[in-house]
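The structure under discussion appears below in the form of structure tokens.
Please read these numbers as outputs of a predicted model, since none were measured by experiment. In what follows, chains carry the letters A, B, and so on, assigned in the order in which the sequence lines appear, proteins first and then strands, with residues in each chain numbered from 1. Scope of the values below: all heavy atoms of this structure, side chains included, with no hydrogens, waters or symmetry mates.
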2 protein chains.
Amino acid sequence: MSRTVKSPFDREAQYAAKRLAVIRAAGAAFRRKGYHNASMVEIAKGLGLSKAALYYYVKSKEEILYECHINVYDAMDGLIKSTRVKDENGLERLQSLYGAFAHMLTRDGLALLADVDSLKGDYQETVLARRGKIEQAVTRLVERGMKDGSIRKADPKVMVFFLMGALNWLNVWYEAGGRISGDEIADAFVAQMSAGIANGV
Amino acid sequence: MSRTVKSPFDREAQYAAKRLAVIRAAGAAFRRKGYHNASMVEIAKGLGLSKAALYYYVKSKEEILYECHINVYDAMDGLIKSTRVKDENGLERLQSLYGAFAHMLTRDGLALLADVDSLKGDYQETVLARRGKIEQAVTRLVERGMKDGSIRKADPKVMVFFLMGALNWLNVWYEAGGRISGDEIADAFVAQMSAGIANGV
DNA sequence: AATAAATTTGACTCAAGGGTCAAATTTATG
DNA sequence: CATAAATTTGACCCTTGAGTCAAATTTATT
């Protein structure tokens, strides 16, 4: 029926959607087997395409990896903004944000990849910069909490690395549809995170 | 001088020492650039050798990666044994162990590598099994703590993954000789770990 | 149906890097 | 010193996998 929508927008949208599908599929493969162990042919086959077709949507394998990273960081940036609530203290905000992170990472499609080393030049710089931004935002929340007394005083950087580590590791062991649901993970992570840094006074 | 010690032991010891040096150097490179981005030629050059010489000490690149993993797990097993103290509750034991882990990982030479996916067959199975053993040991401590009341009740597995994540991430961001010392890291990690899981009742 | 644009592909090129080997070099031993 | 064993190497082979391209196929447009 309305299969033939012809707005000039349609073509681009179609292309963008397929491009995204390529990136998602590749990302899943990267997560499962690692960047270098997942070949373009495999990824293509998984989508019912030939390798050459992938290059119609994408410039290089490295670009795919780059996009995978950026997609997660975009999502995280979004969560940082959306969990910004006026009348909450540092700890409360961090709880919302951390829970949102955990929740997002347990949904299919988005995963924190480890292979930053496989990116070169600008790609790597940009990704590291983006990751740095996220860490900064989290660090600011922690510092805020230390000031308002909701978080105990300690080295904020180390605290944040500790917390981000748990998130990064999440994508290594967690598999969707397993014994534990994403919601449960998120709750457990928030609990453990906040107990670890809350001010016990 | 006593440069010419000739016990039949000497030759083997020499060989073993060099072999270990190869594995250490490779491990450092793997950590810095990732398994696939560190070439055998590079590793060899770093040791003032040719690539071919490496193969006198080692069967394959994969074997090196395997040994790197095993070395860490051996060390961890050692720490598990040495921190086993009779009259301590679960939380106290876990504090000792976790601190020992963090301390070890901030010393040069040993690092938790991420590239398990690059191992095939028995290599991978063994490494995963070893990692599993470590996680089990930690999980047992957590469960013990839940029974003796020192650790709050929750899903032990998730708790442990959270904690192990922080350790795994450690090797990504920590660089020896930086702003913070290994001891400080260890202390901070123990504090945050135990606050996160301690029983607040 | 004819034409043009968008997709897709098979077949190919090419570089990188792991691994091998016979020969050279160093080190120890009678 | 001569001989043997232990190390090391340069040159080479070979597989894997990323990326390319002209041609084929599918999808829209007139």
Side-chain angles (χ1 to χ4, degrees), chain A residues 1-23 25-26 29-30 33-68 115 117-121 123, chain B residues 1-23 25-26 29-30 33-68 115 117-121 123:
Chain A
M1 301 321 181
S2 64
R3 199 70 186 310
T4 49
V5 189
K6 315 171 198 181
S7 67
F9 196 77
D10 190 47
R11 231 22 186 285
E12 296 175 36
Q14 218 69 31
Y15 179 89
K18 288 197 186 176
R19 186 185 139 91
L20 186 61
V22 167
I23 292 168
F30 293 165
K33 320 183 58 178
Y35 177 68
H36 288 283
N37 304 314
S39 77
M40 292 297 269
V41 184
E42 274 175 31
I43 296 167
K45 267 198 207 137
L47 289 162
L49 287 179
S50 76
K51 174 172 64 160
L54 291 191
Y55 285 89
Y56 180 67
Y57 296 99
V58 128
K59 194 147 56 58
S60 67
K61 191 184 182 187
E62 194 183 359
E63 190 195 47
I64 299 186
L65 180 57
Y66 172 76
E67 296 279 7
C68 287
D115 314 80
D117 302 315
S118 302
L119 291 172
K120 282 168 268 176
Y123 279 141
Chain B
M1 317 313 180
S2 64
R3 198 69 188 309
T4 49
V5 189
K6 314 169 200 182
S7 69
F9 199 79
D10 191 46
R11 230 25 186 283
E12 296 176 37
Q14 218 70 32
Y15 179 90
K18 289 197 183 175
R19 185 184 140 92
L20 186 61
V22 167
I23 291 167
F30 293 166
K33 321 183 56 177
Y35 177 67
H36 288 282
N37 305 312
S39 77
M40 292 298 269
V41 184
E42 275 175 29
I43 295 166
K45 268 198 206 136
L47 289 162
L49 288 178
S50 75
K51 174 172 64 162
L54 291 192
Y55 286 89
Y56 180 66
Y57 296 100
V58 126
K59 195 148 52 63
S60 67
K61 191 184 182 187
E62 194 182 2
E63 190 196 46
I64 300 185
L65 179 57
Y66 172 76
E67 296 280 6
C68 288
D115 315 80
D117 302 315
S118 302
L119 291 172
K120 282 167 269 176
Y123 279 142

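Nucleotide D:dA18 holds its C1' atom 12 Å from the CD atom of A:Glu62, rounded to whole Å. Rounded to whole Å, atom C1' of C:dG17 lies 15 Å from atom CG of A:Asn37. Whole-Å rounding puts the A:Arg19 CZ to C:dA6 P distance at 17 Å. Atom P of nucleotide C:dG18 and atom NE2 of A:His36 are separated by 11 Å, given to the nearest angstrom. Computed from coordinates, the A:Met40 CE to D:dT20 C1' distance equals 13 Å when rounded to whole Å. As rounded to whole Å, 9 Å separates atom P of C:dG18 from atom CZ of B:Phe30. Atom OH in A:Tyr55 sits about 16 Å away from atom P in C:dG10, given to the nearest Å. Taking atom OH of B:Tyr35 as the reference point, atom C1' of C:dG17 lies 11 Å away to the nearest angstrom.
Heavy atoms of B:Ala44 sit nowhere under 4.0 angstrom from any nucleic acid atom.
Of the candidates C:dG17, C:dG19, D:dG17, the closest approach to any side-chain atom of B:Lys61 belongs to C:dG19.
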Identify the pairs formed between an N or O of the protein and an N or O of nucleotides 7-9 of chain C at a distance under 3.5 Å, and give each distance.
residue	atom	partner	partner atom	Å
C:dT7	OP1	A:Arg11	NE	3.3
C:dT7	OP2	A:Tyr56	OH	2.7
C:dT8	OP1	A:Lys18	NZ	3.4
C:dT8	OP2	A:Tyr57	OH	2.6
C:dT9	OP2	A:Ser50	N	2.7
C:dT9	OP2	A:Ser50	OG	3.2

Checking A:Ser118 against A:His36 for the side chain to side chain donor-acceptor pair (under 3.5 Å) test, could you report, in this order, the C-alpha distance in whole Å, the side-chain angles of both residues, the deciding distance, and whether it holds? CA-CA 8 Å; A:Ser118 302; A:His36 288 283; 3.0 Å; yes
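Between A:Glu67 and A:Val58 there is no side-chain heavy-atom pair separated by less than 4.5 Å.
Contacts classified as salt bridge (charged side-chain N to carboxylate O under 4.0 Å, His left out) and involving residues 45-65 of chain A (residues at least two apart or in different chains) are given here: A:Arg19-A:Glu63.
Relative orientation of the A:Tyr66 and A:Tyr123 rings is tilted, given thresholds of 30° and 60° on the angle between their planes. Using a 30° and 60° split on the angle between ring planes, B:Tyr56 and B:Tyr15 fall in the perpendicular class, above 60°.
When all heavy atoms of A:Ala21 and A:Leu47 are compared, the closest pair comes out as O-CD2, 4.2 Å.
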